[in-house]
Protein chains: 4
Amino acid sequence: MIKKTVLLLPFVLLLFAFLPAKKKKVIFFGDSITQQGARPGGYITRITDLCKKEGLSEQFDFIGKGVGGNKVYDLFLRFQPDVLDQKPDIVLVYVGINDVWHKTSSGTGTDFDKFGKFYDAIISTLKRQGIQPVVCTPSVIGERNDFTNQQDGDLNLYAKWIREYAAQNNVPLVDLRRIFLEYLQKNNPDNAEKGILTVDRVHLNEKGNQLVAEEMWKVIKTLK
Amino acid sequence: MIKKTVLLLPFVLLLFAFLPAKKKKVIFFGDSITQQGARPGGYITRITDLCKKEGLSEQFDFIGKGVGGNKVYDLFLRFQPDVLDQKPDIVLVYVGINDVWHKTSSGTGTDFDKFGKFYDAIISTLKRQGIQPVVCTPSVIGERNDFTNQQDGDLNLYAKWIREYAAQNNVPLVDLRRIFLEYLQKNNPDNAEKGILTVDRVHLNEKGNQLVAEEMWKVIKTLK
Amino acid sequence: MIKKTVLLLPFVLLLFAFLPAKKKKVIFFGDSITQQGARPGGYITRITDLCKKEGLSEQFDFIGKGVGGNKVYDLFLRFQPDVLDQKPDIVLVYVGINDVWHKTSSGTGTDFDKFGKFYDAIISTLKRQGIQPVVCTPSVIGERNDFTNQQDGDLNLYAKWIREYAAQNNVPLVDLRRIFLEYLQKNNPDNAEKGILTVDRVHLNEKGNQLVAEEMWKVIKTLK
Amino acid sequence: MIKKTVLLLPFVLLLFAFLPAKKKKVIFFGDSITQQGARPGGYITRITDLCKKEGLSEQFDFIGKGVGGNKVYDLFLRFQPDVLDQKPDIVLVYVGINDVWHKTSSGTGTDFDKFGKFYDAIISTLKRQGIQPVVCTPSVIGERNDFTNQQDGDLNLYAKWIREYAAQNNVPLVDLRRIFLEYLQKNNPDNAEKGILTVDRVHLNEKGNQLVAEEMWKVIKTLK
């Protein structure tokens with residue numbers, strides 16, 4: 001009996017080798033940019049393509065959970081059903097633009113200190129539940145590169161907080177704001193307010209979606 | 001044996017009658033109006049006095065948990081330490097003014113639909129934990145009685161939602177907004193924007209504190 | 001010689017009777033509601049029809065000078081070219097909605113006291129130049145009839161100021177806000193926020209355009 | 001006869017040399033910073049001192065016309081009585097902070113394009129009347145030097161417009177925003193939001209008043 005089992009062992013191991021490892025479930029948690037990211041051409045679709053191209057499709061599942069107009073406390077309010085109940089392995093949080101923008105567009109932006117409290121409530125809960133968070137700084141509202149976009153100061157402030165929070169809490173960071181600003185310094189010679197990485201100062205065009213996809217993918221694939 | 005016990009019964013009952021019943025712990029959960037309410041002359045202090053006058057001091061403990069500038073999501077963020085951890089029996093929630101006011105004073109008011117979600121999260125949790133909630137409509141921002149205060153429409157909207165929520169969820173209501181508007185119809189002949197029930201259009205003067213105290217006390221004492 | 005002239009007099013008078021009287025030039029000075037008012041079905045087009053129906057087409061020329069997004073100070077900035085240079089006889093000023101609305105939609109509403117100053121600068125100049133002004137109160141932002149539209153308080157305040165200004169300065173008034181509110185009390189049983197007189201809470205549908213046309217026409221035809 | 005006149009000429013010239021030249025009347029036209037500038041220790045008072053120290057007191061009269069809370073259209077509304085009727089020779093316009101700030105502090109900031117229109121109306125009128133304008137960019141709302149003050153983007157935008165306007169219209173410029181930012185880069189090592197040049201993020205402390213005084217005086221004295 002023993003011998004037979006021993007003889008069979010290589011085949012059993014071989015069998016496991018062909019069995020797919022459990023895929024990592026990656027949730028993108030955010031606002032309208034993420035909602036559009038799940039469309040054809042969107043950044044989540046492009047990450048799926050990048051993953052496939054590198055032969056890692058068996059290792060990741062990508063799921064978009066973006067809702068237009070969302071601020072950090074909207075994420076908080078739908079955190080349980082949209083994220084925790086989905087049992088993800090990795091969650092990328094990409095939020096902050098509406099928290100700043102709504103201050104003037106509807107009078108309902110998010111106070112700076114409350115932004116941090118809700119943000120931390122989300123990230124801390126993920127960590128406590130053994131889910132890997134990845135945080136992103138808010139990209140842009142307006143693409144002018146001479147620091148004259150109305151919300152530049154506030155976006156810098158909220159982005160700076162996220163950077164410091166990520167460092168202090170050892171959370172992987174995709175520093176989209178820094179990446180966008182550097183890109184726009186080089187690629188926006190006419191100081192246009194849109195049309196470089198966005199279609200409308202905020203929502204991503206093809207280049208914007210590709211840039212976000214590449215930068216996020218760089219971080220995600222280190223987490224396998 | 002039985003006879004003896006029966007004879008003792010009146011004495012035992014008498015004993016219980018003198019034993020203090022456990023006092024009900026009442027928390028007032030709100031913004032700067034509630035913060036000031038705990039001061040001498042404030043509405044919480046006046047409720048304590050009303051309670052004493054009616055000989056019910058042994059039945060209630062009143063505790064103010066108001067913080068200046070608070071909106072509904074600020075209450076939510078400090079709900080655990082400031083309310084639940086205190087093991088109250090009754091919680092009066094008096095919030096909504098800053099949710100509306102901050103729309104123009106800092107660009108960080110609370111969206112109408114999110115107001116309801118955070119509000120419900122607080123009240124539902126209280127009920128689930130066997131704590132008696134009491135809700136209050138937001139009083140006033142400006143005392144003019146001809147419907148020309150800037151935030152009248154929004155305050156009416158948020159107050160209406162609280163009224164309907166209270167009715168649907170069988171939660172006792174202190175309808176401060178209605179009470180204030182009726183008072184101002186009768187007692188503000190010059191259509192002044194402050195000085196009748198408030199010192200500054202929002203924060204309560206002596207009459208305002210007394211009115212709130214009386215109206216809240218009417219409801220609280222039915223909950224013993 | 002004298003006799004001949006006397007004989008000719010009836011013919012001369014007859015001649016004048018057939019000569020068209022100089023038409024009164026009426027300018028509608030306002031925002032997007034007025035801009036749309038000049039379209040087919042718009043309130044200015046409907047006033048032209050009402051005028052024709054009453055056989056008064058030879059007496060009035062109607063000209064729309066509405067620009068989307070305009071506040072009172074936008075009217076002021078284009079007052080010279082768009083109004084004074086056109087040499088009108090009558091000018092209807094219909095403004096105020098954006099002055100209130102932009103407070104939360106872009107953070108650039110008009111302070112109440114400055115609204116009055118620019119308004120008065122326009123009306124006073126018209127009067128000094130012998131042009132007949134007609135003023136209108138701002139209609140609605142939201143059609144709910146239970147006083148819960150966000151801007152109700154502010155619209156009431158600005159409308160009240162216009163009413164008092166008109167009375168004090170003896171300027172004909174079309175009190176659109178009062179007229180709309182009365183109409184909505186009767187004709188909005190479901191408390192809808194749009195669809196009764198507006199398509200989108202602000203801009204007029206057919207019924208709204210017709211109501212404005214009728215109410216303005218009532219006043220205009222008294223000015224011939 | 002000729003000889004006598006020639007002999008007298010030096011005395012006549014000497015006479016004129018002792019006659020006081022008509023003083024240049026300099027008006028500072030602005031908001032609360034300018035209102036406070038006229039106080040002891042304020043920037044206007046300091047300019048008066050600088051002028052005296054350089055022995056030029058006989059050449060300039062300095063008059064403050066600052067009003068708290070003023071935006072560009074407030075300057076416009078009191079332009080005639082406060083500036084033109086005073087028959088000044090030189091007018092420094094220092095405005096723009098409230099135009100940006102009020103967007104979030106009261107919902108009544110000034111649209112960017114309207115800012116330019118009212119600004120130009122003021123400067124053009126001064127030039128047409130032979131009065132020398134001097135323009136200033138708005139200094140700061142918050143002194144953090146890492147571009148995280150909420151209004152940094154908007155202040156940069158409005159300041160940039162003023163710079164370009166000054167260049168295109170050949171108007172002397174005191175570029176306070178650039179001067180403040182350079183100062184804060186060097187002198188705010190802790191990235192404090194106030195206390196370097198301001199007492200409260202906006203209004204000038206001693207150093208701020210001195211800096212503004214020196215920079216303005218440099219320009220003013222070239223205009224004698």
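Model, not experiment: these values are computed from the prediction. In the text below, chain A, chain B and the rest are named by the order of the sequence lines, each starting its count at 1.
The aromatic ring centres of A:Tyr73 and B:Phe115 sit 6.0 Å or more apart.
The neighbour count for A:Lys127 NZ, taken as heavy atoms of other residues, nucleotides or ligands under 6.0 Å away, is above 12. A 6.0 Å sphere centred on NZ of A:Lys194 holds no more than 12 heavy atoms belonging to other residues, nucleotides or ligands. By the 6.0 Å contact criterion, NZ on B:Lys221 is enclosed, its count of non-hydrogen atoms from other residues, nucleotides or ligands being greater than 12. Residue B:Asp113 places its CG atom among more than 12 non-hydrogen atoms of other residues, nucleotides or ligands, all under 6.0 Å distant. Within a 6.0 Å radius of CD in A:Glu206, other residues, nucleotides and ligands contribute 12 heavy atoms or fewer.
For the atom pair A:Asn70 CG and B:Lys114 NZ, the distance stands at 6.5 Å (nearest 0.5 Å). Residue B:His102 holds its NE2 atom at 7.0 Å from CG of A:Asp111, rounded to the nearest 0.5 Å.
In this structure, chain A has a heavy atom under 4.5 Å from the side chain of B:Asp74, while its backbone stays farther away.
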* Please step through side-chain contact (heavy atoms from CB on, under 4.5 Å) for the pair A:Phe118 and B:Leu77, ending with a clear verdict. => CA-CA 8 Å; A:Phe118 281 112; B:Leu77 284 165; 3.8 Å; yes
